[in-house]
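Heads up: the structure comes next, in structure tokens.
Since this is a predicted model, take the numbers as computed values, not measurements.
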Amino acid sequence: MAHNPLAPEWLSSPADANTLAAGLWPQSARRTDGGAISIAGVSATELAAQFGTPLYVVDEADARTRATELRTAFDTEFARVGTTVKVYYAAKAFLSTEVARWMVDAGLNIDVCSGGELAVALAAGVQPARLGFHGNNKSLAEIDDATRVGVGTIIIDSAVEIARVAAAAGRHGTVQNVRLRVNSGVHAHTHDFLATSHEDQKFGVVFEDAPVLVAAIRAEPSLNFLGLHCHIGSQIFGVDGFAESASRLLSLHAELLVDGPVPELNLGGGFGIAYLSTDDPSPIADLAAGLADIVAAECGRRGIPVPVIAIEPGRVIIGPAGVTLYEVGTTKPVQIGQHSRLYVSVDGGMSDNIRPALYGADYSVRVAGRVSAAEPVLVRLAGKHCESGDIVVDADYLPGDITPGDLVMVPATGAYCWSMASNYNYLGRPAVVAVSDGAARVIVRGETIEDLLARDAGVSTGSTTGLGSTTDARTTDGLTENMKESNR
Ligand SMILES: Cc1ncc(COP(=O)(O)O)c(C=O)c1O
């Protein structure tokens, strides 16, 4: 079939618009005999019936396996070059107490970047020593809490934080491990990286300022300098950007070794995942091997010991494990010249997935409740918000008989969707359900109308909305029937 010019160049009409592309979906995703998509043995139709839509669904075994496989790959490759690796799960990608425990079970530490994330990790029972604390503007209260509870490391992000962290640790009578976040001048995104000599961004300190700042850290008796930290970007598919950054960091690391110990080097996160069938990120084992080779070679060249390496992946662990389930509300064909596109509007949108609007991120979509032999049509999956930029999937092909009431699923939404969700237009944030061995359970309940009204100081005690939002009307996910029917 001729290419529809309304579709991007890379997207052609598929022979079968029901296929689940390899690499995009949780490993357990498949079509049931009835045609519905199932994740970990639970079908989309069961999920929608039990929990309503929109719904975030996380394949527990998939997330746990990715965490374990990543840690094992890095352990193995860095053992080969004579050192160890500390893997921190970047909680900003997705954090709940359950997920924090999955990560700890897999042998990972947790990287938090606010008092709220710290609270969730602690509520999960994560030992404070396993936590790293980030942020370019940690409040005094956050620094105080972090030092008081004994977080393992604090990543210092600016000169002014040195005295703040030192004072807080001093108050609590502890010696706080710290890293210094520097800008290596390397920016990476997907296939490309850009190396500059100067940085114009809010995170980290200027590379050239690091020796003076490390001396200031070392002069504080309540601080223990662990090493440098650098995070070069996100959605990085290959090893080259990390290689350039590691090389620059190790030159600085070697310089710092002259005046004292530098036991560790933190290379940050950013390993990419496939959002589209055309995406081809390097396998984690290859990235681990490539990074180990580079770090070993750079240390060898400088005659310094290979430090303990720390990394902070988030997306690559939880992103592919999650999908979002929506129900189609309306469809609307738009004819542009000789060609047409079908707008398919769902019951969520930019409030549950801001990434397309924020970064122009691409996703794909499949009908989730059935298969269809209808001719594929070019669709744009739109949300229900009052923004024309409220698009979840810019372009994909779905069977042409897609109709209101159909369920659709968007894969690879496990990272930076729920964690960036909002209440725009007063939509409640959807529940998160974990699926495992044919069973589903809520790990974060969805927000009710009562939740949405709870912080409004003008709502008088006992006032009712007439929307039927009573405890009795709630289903197991905490959503009201009326909310499912009329508000979502
Ligand atoms: C400092 C730092 N570490 C780790 C990460 C995690 O990145 P990713 O989820 O892409 O692996 C981020 C993401 O923004 C970050 O800023």
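- More than 12 heavy atoms of other residues, nucleotides or ligands sit less than 6.0 Å from atom CD of Gln201.
- Listed here is the closest heavy atom pair of Val371 and Gly35: CG1-O, 3.7 Å.
- In this structure, Lys384 and Leu427 have side chains that are in contact, with non-hydrogen atoms separated by less than 4.5 Å.
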Starting from the C-alpha separation in whole Å, work towards a yes-or-no answer on side-chain hydrogen bond (donor to acceptor under 3.5 Å, both in side chains) for Glu312 and His229. CA-CA 10 Å; Glu312 298 169 341; His229 171 283; 3.0 Å; yes
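- Among pairs with a residue in residues 430-440, none fulfils side chain to side chain donor-acceptor pair (under 3.5 Å), at least two apart in sequence or across chains.
- Under the 4.5 Å side-chain criterion, counting only non-hydrogen atoms from C-beta, Trp25 is in contact with Ile37.
- To the nearest 0.5 Å, the span separating CG on Asp59 from CD1 on Ile39 amounts to 7.0 Å.
- Judged by distance alone, the side chain of Asp75 and the main-chain N or O of Thr72 form no donor-acceptor pair under 3.5 Å.
- Here OG of Ser340 is found 5.0 Å from CD of Gln335. Values are rounded to the nearest 0.5 Å.
- When side chains are defined from C-beta on, Tyr424 counts as touching Cys386, because their heavy atoms get closer than 4.5 Å.
- With rounding to the nearest 0.5 Å, the separation of OG in Ser419 from OH in Tyr56 is 8.0 Å.
- Between Asp279 and Leu276, some side-chain heavy-atom pair lies under the 4.5 Å cut-off.
- Contact check on Asp105 versus Arg101 returns no salt bridge, with no Lys/Arg side-chain nitrogen under 4.0 Å from an Asp/Glu carboxylate oxygen.
- Taking a cutoff of 4.0 Å between a charged side-chain nitrogen and a carboxylate oxygen, Asp396 and Arg366 qualify as a salt bridge.
- Annotation for Arg71 and Gly107: closest pair CD-O, 3.4 Å, computed over non-hydrogen atoms.
- Glu142 contributes a side-chain N or O that, together with a main-chain N or O of Gly115, makes up a donor-acceptor pair within less than 3.5 Å.
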CA sep, side-chain torsions, deciding dist, call: Met420, Leu358, side-chain contact (heavy atoms from CB on, under 4.5 Å): CA-CA 10 Å; Met420 289 182 147; Leu358 192 60; 4.1 Å; yes
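- Contact between Leu291 and Phe78 at its shortest, heavy atoms only, is C-CZ, 3.8 Å.
- A donor-acceptor distance shorter than 3.5 angstrom exists from the side chain of Asn266 to the backbone of Gly268, with no hydrogens or angles considered.
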Full working for side-chain contact (heavy atoms from CB on, under 4.5 Å) between Val57 and Phe51: CA-CA 10 Å; Val57 182; Phe51 303 105; over 6 Å; no
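- A cation-pi contact, defined as under 6.0 Å to the ring centre and within 45° of the axis, links Arg181 to Phe203.
- In terms of modelled atom types and a separation under 3.5 Å, the side chain of Arg31 and the main chain of Ala36 share no donor-acceptor contact.
- Counting only distance, with no hydrogens or angles, the side chain of His3 and the backbone of Leu11 share a donor-acceptor pair below 3.5 Å.
- Using a 4.5 Å heavy-atom cutoff, the side chains of Tyr363 and Cys417 are in contact.
- Distance alone, capped at 3.5 Å, places no donor-acceptor pair between the Arg66 side chain and the Arg64 backbone.
- Lys202 and Asp157 get closest at one heavy-atom pair: O-OD1, 3.7 Å.
- With sequence neighbours excluded, the residues forming a side chain to side chain contact (heavy atoms under 4.5 Å, CB included) with Thr403 are Asp406, listed by chain and number.
- Shown here are the side-chain hydrogen bond (donor to acceptor under 3.5 Å, both in side chains) partners of Asn423, two or more places apart in sequence or in another chain: Glu447.
- For the pair Val408 and Val410, the minimum side-chain heavy-atom distance is 4.5 Å or more.
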Considering only distance and modelled atom types, tabulate donor-acceptor pairs under 3.5 Å from the side chains of residues 314-327, sequence neighbours left out.
unit_1: Arg315; atom_1: NH1; unit_2: Tyr275; atom_2: OH; d: 2.9
unit_1: Thr324; atom_1: OG1; unit_2: Thr413; atom_2: OG1; d: 2.7
unit_1: Tyr326; atom_1: OH; unit_2: Asp352; atom_2: OD1; d: 2.5

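- Nearest approach of Cys230 to Ser184, heavy atoms of both residues: SG-OG, 3.4 Å.
- Across all non-hydrogen atoms, the minimal contact from Val85 to Phe74 is CG2-O, 3.6 Å.
- A distance of 12.5 Å separates CG of Asn136 from CD1 of Ile155, quoted to the nearest 0.5 Å.
- With sequence neighbours excluded, the residues that form a side chain to side chain contact (heavy atoms under 4.5 Å, CB included) with Ala21 are Leu24, Ser277.
- Residue pairs satisfying the side chain to side chain donor-acceptor pair (under 3.5 Å) criterion with at least one member in residues 87-98, sequence neighbours excluded, are listed as follows: Tyr88-Arg179, Glu98-Trp102, Glu98-Arg441.
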Walk me through it: do Phe242 and Ile294 pass the test side-chain contact (heavy atoms from CB on, under 4.5 Å)? CA-CA 9 Å; Phe242 290 110; Ile294 288 147; over 6 Å; no
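- Not one N or O on the side chain of Ser247 forms a donor-acceptor pair closer than 3.5 Å with the backbone of Ala243.
- Using a 3.5 Å distance cut-off with no hydrogens or angles, the side chains of Ser114 and Glu117 do not pair a donor with an acceptor.
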Determine, step by step, whether Leu47 and Leu55 satisfy the side-chain contact (heavy atoms from CB on, under 4.5 Å) criterion, reporting the C-alpha distance in whole Å, the side-chain angles of both residues, the deciding distance to 0.1 Å, and the verdict. CA-CA 8 Å; Leu47 287 165; Leu55 185 71; 4.1 Å; yes
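- The side-chain heavy atoms of Ser351 and His385, taken from C-beta on, include a pair separated by under 4.5 Å.
- To the nearest 0.5 angstrom, Leu250 atom CG is 9.0 Å from Ser245 atom OG.
- For the pair Glu375 (side chain) and Pro399 (backbone), a donor-acceptor distance under 3.5 Å is absent.
- Note that the CG atom of Leu95 and the CE atom of Met103 stand 10.0 Å from one another [nearest 0.5 Å].
- Taking the side chain as every heavy atom from C-beta outward, Val379 and Thr331 never approach each other to under 4.5 Å.
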